Amino acid sequence: MSRYNAHVTEPKWQAKWQELQVFKAERDENRPKYYVLEMFPYPSGKLHIGHVRNYTMGDLVARYKSAKGFNVFHPMGWDAFGMPAENAAMANNTHPGKWTYQNIAEMKKQFAALGLSLDWSHEFATCDVEYYGQQQALFLDMLDAGLAYRKNASVNWDPVDMTVLANEQVIDGRGWRSGAEVERKELTQWFFKISDYADDLLEALDGLENWPDKVKLMQANWIGKSKGLQFSFKTIGAPEGFDKLEVYTTRPDTLFGASFAGISADHPLAKALESNPEVAAFTAECRRTGTSAEALEKAEKLGFDTGIKVVHPFDSSIELPVYIANFILMDYGTGAIFGCPAHDQRDLDFARKYGLDVTAVVSPDGEDFSVEHEAFTDPGILINSDFMNGMDIEAAKTAAIKRIEAADMGQGKTVFRLRDWGISRQRYWGCPIPVVHCPSCGVVPEKKENLPIELPEDINFDKPGNPLDRHPSWRNTTCPSCGGNALRETDTMDTFVDSSWYYARFTSSNADTPTNMADADYWMNVDQYIGGVEHAILHLLYSRFFARAMVKTGHLPARCIEPFNALFNQGMVCHETYSTKDKNGRDVWHAPDEITPDDEGYKLVKTGEKVTVGPSIKMSKSKRNVIDPVEQIEQFGADTARWFVLSDSPPERDVEWTTSGAEAAWKHLQRIWRLADEIADEHRNDEDITLTKAMHRAIKDVTEGYEGFAFNKSIAKLYEFTAAIAKSKGDRRAAMRSMALLMQPITPHLAEECWQRLGGEGLAVNAPFPEADPAMLVEDTVTLPIQINGKRRAEISVSKDAGKEEVEKLALSHDAVIRALNGGHPKKLIVVPGRIINVVI
RNA sequence: GCGGGCGUGAUGGAAUGGUAGACAUAAGAGACUUAAAAUCUCUGGGCCCUAGGCCGUGUGGGUUCGAGUCCCACCGCCCGCACCA
């Protein structure tokens with residue numbers, strides 16, 4: 001009997017697939033296409049076990065769909081721009097490009113060992129000049145279409161690294177790298193006008209039937225649509241030019257409960273008042289806490305009474321004080337509000353602190369009502385509100401808006417939380433923004449024929465800041481408009497731009513325009529997109545925006561505004577943690593290969609010290625609970641790793657990597673090989689009908705698991721089917737061949753080997769997926785449980801065609817039922833054909 | 001605080017409102033072996049008066065002939081957002 005040697009077999013079949021170009025996708029109008037895409041990786045240089053799970057799932061789908069007759073497109077590339085390359089360049093005195101391409105080469109080798117059904121002929125890295133040059137063309141078209149623009153914006157500025165930081169790179173108010181206190185700085189930045197599509201991006205979520213509800217909900221919350229009223233108060237005692245104060249509210253129904261007006265510390269009116277040193281001190285304080293994380297700790301509501309008053313829009317005899325308040329955001333609505341303490345918790349906290357009136361204007365039942373320390377935000381009936389008295393909230397909102405509009409003081413308005421996407425980054429390793437700053441013409445877009453604007457190679461990171469800023473020969477250029485001396489834009493694009501359209505570029509990765517319409521038209525949309533839920537908002541929202549922008553600029557067909565037909569978020573791979581304590585009682589973490597089992601639990605291999613086993617959590621370097629997939633593949637082969645990452649948990653949930661589980665997977669695959677090997681030499685002629693039925697049952701169940709992203713259930717069925725084959729005394733060849741084809745999407749190498757050994761025709765990867773014969777799924781007899789008063793007491797075996805009456809008769813004549821009836825008659829008898837019998841006594 | 005999800009054996013997990021615990025791991029027993037490894041077989045929620053019965057899917061109610069599944073309340077855990085007017 002031969003032993004299965006993955007180290008020989010796996011490279012052999014990988015070479016065969018490559019030789020025969022099995023995974024190369026060609027347009028073919030006669031077959032339905034299927035585009036499978038996994039979120040492409042950042043080329044860190046090291047394959048992570050999470051990649052194995054992600055890409056195995058995509059590969060399963062690709063191979064399964066291909067076996068089902070689809071023309072499958074399954075490309076791969078590299079999300080290759082970004083900070084880590086610059087950090088590595090600084091640390092190792094190398095070039096970011098050199099570092100990145102070395103990593104890509106290294107990672108590609110590791111990918112190859114997994115045996116993925118990828119069409120590498122469409123491969124690109126986003127740092128390839130061919131890619132980012134087309135991205136620049138896209139940018140120019142978007143500029144033309146009014147989707148890109150420049151404006152002043154306040155950003156997180158790291159004064160040591162001299163760069164802008166994204167919000168998530170600011171930790172406790174300090175730069176994640178330099179540790180320097182981050183400043184708010186006003187800079188002129190490039191933006192994409194994603195807000196133009198806010199409503200569309202929200203509405204279209206409903207049409208994404210095969211997206212997780214969770215992701216759709218997160219996007220909807222992020223877009224944050226609210227309907228309300230924007231109107232202006234007349235002011236009393238305000239500086240020149242501020243005779244009106246614009247506010248926004250979603251609760252115009254509560255206007256008669258207003259007891260103050262509030263403005264943000266960044267509001268122009270607040271700034272105008274800063275000549276008063278007290279105001280300046282207060283606004284400075286607000287801005288400081290506004291940027292730091294401590295502000296989130298239930299920051300106390302603080303206000304500063306400006307002495308200015310505003311006049312109530314419905315009753316000019318009412319005057320309200322205007323406060324500068326620390327809880328009002330400048331970039332939402334108008335940066336100014338009216339406060340209605342009775343029906344808003346923040347306003348109530350504020351009012352109690354500063355002794356302002358609290359008048360309830362909505363009551364649960366329309367009766368008199370008052371509020372103490374908890375704002376009333378439930379539905380109710382308007383009181384104390386003049387013309388709105390007696391109305392419900394919705395009617396009152398409509399009435400208030402109508403009245404304001406009639407008086408020409410404002411109008412109903414919809415506001416979004418979603419803001420335009422700032423894409424400028426003061427960094428080298430990104431896509432240069434293709435514009436020129438000309439002293440006479442201003443900001444001038446580069447001409448398309450001058451693209452690509454390539455990053456210069458001769459740069460260094462000796463000094464902080466962007467090397468492009470201090471590279472005169474690159475920076476100095478001529479104006480595309482007047483031909484005079486001009487300076488290049490030195491900002492590069494946010495790396496999220498790169499990943500917002502790569503799925504479209506894959507369809508025609510060598511085109512000399514961003515896409516080729518014929519290819520895009522054939523391959524788009526992505527039929528199944530697979531990746532981590534951490535990209536639920538930004539990457540997916542940006543991609544949805546980009547698809548719209550590409551439709552508008554003529555780079556995608558109109559039907560592609562939603563580029564991903566189906567989305568699946570896979571769970572993470574977790575592992576137990578192992579720790580001991582050091583002299584100071586602090587945890588010291590140990591890698592899985594540093595420990596060994598002892599009598600009860602684990603000890604350190606080196607010292608024999610007892611190890612505390614912690615819960616299974618996301619693999620991380622700091623906790624050292626990391627499993628290296630390359631080592632796993634060296635030990636057991638890729639098929640074992642592929643089988644195991646899918647076997648234990650549903651794909652959307654986290655899976656725990658255990659040594660025993662990986663070994664069990666390996667043992668099972670060995671067993672499959674032994675069976676195939678044995679059966680290949682077997683000469684049995686008698687059909688085992690039980691096995692044939694088990695085969696069709698397995699085909700049906702495994703297929704359902706693949707279709708429904710329940711891969712763990714498919715694997716359970718494969719285990720059952722294996723047991724059925726092992727047990728059978730009849731001809732097992734057909735069953736084992738089906739087994740090979742059923743396993744092919746998960747363990748493609750072993751499947752090929754078994755297929756070949758069993759005399760299968762051609763390659764398993766090219767064989768059609770087995771189809772279950774419905775006739776073979778029907779059992780002649782079924783076992784029906786008998787319940788007495790809803791509790792299972794017995795079971796009977798009946799023919800599948802047994803009529804209801806026959807079943808009833810059989811049930812009533814069963815010993816257990818006779819005993820329970822004790823001579824009496826059942827009150828009720830429920831027979832669900834093929835399911836259950838319930839005797840109610 | 002708001003929004004969402006989830007609570008099932010020692011563990012990961014199965015279960016169109018219809019036999020709870022498929023499949024796998026850990027554990028235990030046995031077969032083969034001089035022995036080990038490998039392989040194979042069996043046991044595997046708890047309890048009791050053990051030919052049988054009682055209890056059991058976070059807790060308490062409800063709907064139903066029948067609830068892990070549906071409804072209400074509570075408890076616990078996880079994730080997302082975070083002063084969004």
Side-chain angles (χ1 to χ4, degrees), chain A residues 1 3 212-222 224-226 228-230 247-252 254 262 264 289-290 295-296 298-301 325-329 331-340 343-347 349-350 377 415-419 533-534 536-537 574 576 616 644 647-650 652-665 667-668 670-671 674 701 710 712-723 726 783-795 816 819 826-832 834-841:
Chain A
M1 198 198 298
R3 196 173 160 83
D213 289 338
K214 176 184 166 141
V215 172
K216 289 191 275 188
L217 194 69
M218 282 166 74
Q219 293 217 351
N221 290 340
W222 187 264
K225 180 177 183 173
S226 62
L229 167 69
Q230 186 166 319
V247 300
Y248 176 74
T249 179
T250 56
R251 292 296 300 274
T254 63
S264 161
T289 54
L296 300 178
K298 285 191 179 169
E300 195 187 355
K301 306 267 175 291
N326 66 344
F327 64 94
I328 300 170
L329 303 172
D331 41 18
Y332 187 81
T334 62
I337 62 154
F338 76 81
C340 175
H343 306 291
D344 182 292
Q345 193 60 46
R346 290 159 306 182
D347 294 348
D349 295 344
F350 190 83
T377 53
V415 165
F416 294 89
R417 206 185 79 108
L418 180 70
R419 287 174 242 156
V533 72
E534 65 272 22
I537 296 175
C574 297
E576 285 181 328
S616 187
F644 179 61
S647 65
D648 258 15
S649 296
E652 68 276 13
R653 250 189 261 182
D654 292 349
V655 66
E656 184 184 0
W657 185 283
T658 60
T659 309
S660 56
E663 282 169 0
K667 283 181 193 170
H668 179 72
Q670 288 289 345
R671 185 184 191 200
R674 279 197 312 274
D701 291 347
N712 57 322
K713 285 192 251 172
S714 293
I715 285 182
K717 298 300 174 183
L718 289 170
Y719 275 114
E720 281 181 5
F721 186 31
T722 306
T783 304
L784 293 184
I786 300 176
Q787 292 183 336
I788 293 167
N789 289 339
K791 288 183 192 271
R792 183 185 165 280
R793 282 296 119 100
E795 58 183 39
R819 226 181 307 140
K827 270 195 207 146
K828 206 167 176 182
L829 188 60
I830 291 141
V831 176
V832 184
R835 271 286 173 205
I836 206 162
I837 302 151
N838 193 6
V839 185
V840 186
I841 292 168

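Computed from a predicted model, the values in this text were never measured in an experiment.
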Phosphate contact (G4(B) OP1 or OP2) by Lys216(A) side-chain N/O below 4.0 Å
no
Tyr719(A) side-chain N/O to A24(B) phosphate OP1/OP2 under 4.0 Å
no
Please work out if Lys667(A) contacts a base, only the sugar-phosphate, or nothing of the nucleic acid, heavy-atom cut-off 4.0 Å.
sugar-phosphate
Nearest to the side chain of Lys301(A), which nucleotide is it out of C83(B), U39(B), G12(B)?
C83(B)
Base, sugar-phosphate or nothing for Leu217(A)? Non-hydrogen atoms, less than 4.0 Å.
sugar-phosphate
Sugar-phosphate only, base, or nothing, as touched by Val832(A) at under 4.0 Å among non-hydrogen atoms:
base
Can you check the distance between A20(B) and G30(B), where both ends of the measurement are the C1' atom (answer in whole Å)?
29 Å
Rounded C1' spacing from C75(B) to G61(B) in Å:
15 Å
Taking the C1' atom of each, how far is A14(B) from C65(B), in whole Å?
26 Å
Can you figure out which of A14(B), C84(B), A24(B) approaches the side chain of Arg653(A) most closely?
A14(B)
Whole angstrom is fine here: how far is it from CZ in Arg346(A) over to P in C2(B)?
13 Å
Describe, in one word, how the ring planes of His668(A) and Tyr719(A) are oriented to each other, choosing from parallel (under 30°), tilted (30 to 60°) and perpendicular (over 60°).
tilted
I want to verify a distance call: between G18(B), A24(B), A22(B), whose nearest atom is closest to the Gln787(A) side chain?
G18(B)
Rounded distance in Å - CZ (Phe644(A)) to C1' (G13(B))
12 Å
Row check, Phe350(A) ring normal vs Lys301(A) NZ/CZ: under 6.0 Å, within 45°
no
Between Thr334(A) and Val839(A), which has a closest nucleotide on RNA chain B that is more 5'?
Val839(A)
Strictly by Watson-Crick or wobble contacts shorter than 3.5 Å, is anything paired with C81(B), and which nucleotide is it?
G1(B)
Now, which nucleotide makes the Watson-Crick or G-U wobble pair with C74(B), with each of the two distances under 3.5 Å?
G58(B)
To the nearest Å, how far apart are Lys214(A) NZ and C6(B) P?
11 Å
Under 4.0 Å between a side-chain N or O of Arg793(A) and OP1 or OP2 of C54(B)?
yes
Asp344(A) near the nucleic acid: base, sugar-phosphate alone, or nothing, with a heavy-atom cut-off under 4.0 Å?
nothing
What is the nucleic acid contact for Ser649(A), judged by heavy atoms within less than 4.0 Å: base, sugar-phosphate only, or nothing?
sugar-phosphate
Got a salt bridge between Asp331(A) and Arg419(A), using NZ or NE/NH1/NH2 to carboxylate O under 4.0 Å?
yes
Checking A82(B), A85(B), U19(B) against the side chain of Arg417(A) (C-beta onward), the nearest is A82(B)
Would you say the side chain of Leu829(A) lies within less than 4.5 Å of the side chain of Ile837(A), judging by non-hydrogen atoms?
yes
With rounding to whole Å, what would you report as the distance between C79(B) and A24(B) at their P atoms?
32 Å
So what does Lys827(A) hit on the nucleic acid, given a heavy-atom distance under 4.0 Å: a base, only sugar-phosphate, or nothing?
nothing
Whether Lys713(A) contacts A14(B) is assessed here as follows: a side-chain N or O lying under 4.0 Å from the phosphate OP1 or OP2. Is that the case?
no
So which nucleotide does G52(B) pair with, by the Watson-Crick or G-U wobble rule with both distances under 3.5 Å?
C48(B)
Side chain of Arg674(A): nearest nucleotide among A14(B), U39(B), U19(B)?
U39(B)
For the side chain of Arg835(A) and the base of U19(B), is some donor closer than 3.5 Å to an acceptor across the two?
no
Provide the Watson-Crick or G-U wobble partner of U64(B), both distances under 3.5 Å; none if there is no partner.
none
Separation of the P atoms in A82(B) and G9(B), to the nearest angstrom
36 Å
For a quick test of reading the model: is some side-chain N or O of Lys717(A) closer than 4.0 Å to OP1 or OP2 of A14(B)?
no
Could you tell me how far U19(B) sits from G66(B) if I compare only their C1' atoms? Round to whole Å.
12 Å
Over all strands shown, is Glu720(A) touching base, sugar-phosphate only, or nothing at heavy-atom distances under 4.0 angstrom?
sugar-phosphate
Heavy atoms under 4.0 Å, any strand shown: does Ile328(A) hit a base, just sugar-phosphate, or nothing?
base
Paired with U41(B): which nucleotide, if any, by Watson-Crick or G-U wobble criteria at under 3.5 Å for both distances?
A29(B)
Of Asp648(A) and Ile836(A), the one whose nearest nucleotide on RNA chain B sits closer to the 5' end is Asp648(A)
May I ask you to say what Ser647(A) touches in the nucleic acid, namely base, sugar-phosphate or nothing, with a heavy-atom cut-off under 4.0 Å?
nothing
Identify whether the distance between the nearest side-chain nitrogen and carboxylate oxygen of Arg346(A) and Asp349(A) falls below 4.0 Å.
no
Describe the nucleic acid contact of Asn712(A) in one word from base, sugar-phosphate, nothing, applying a heavy-atom distance below 4.0 Å.
sugar-phosphate
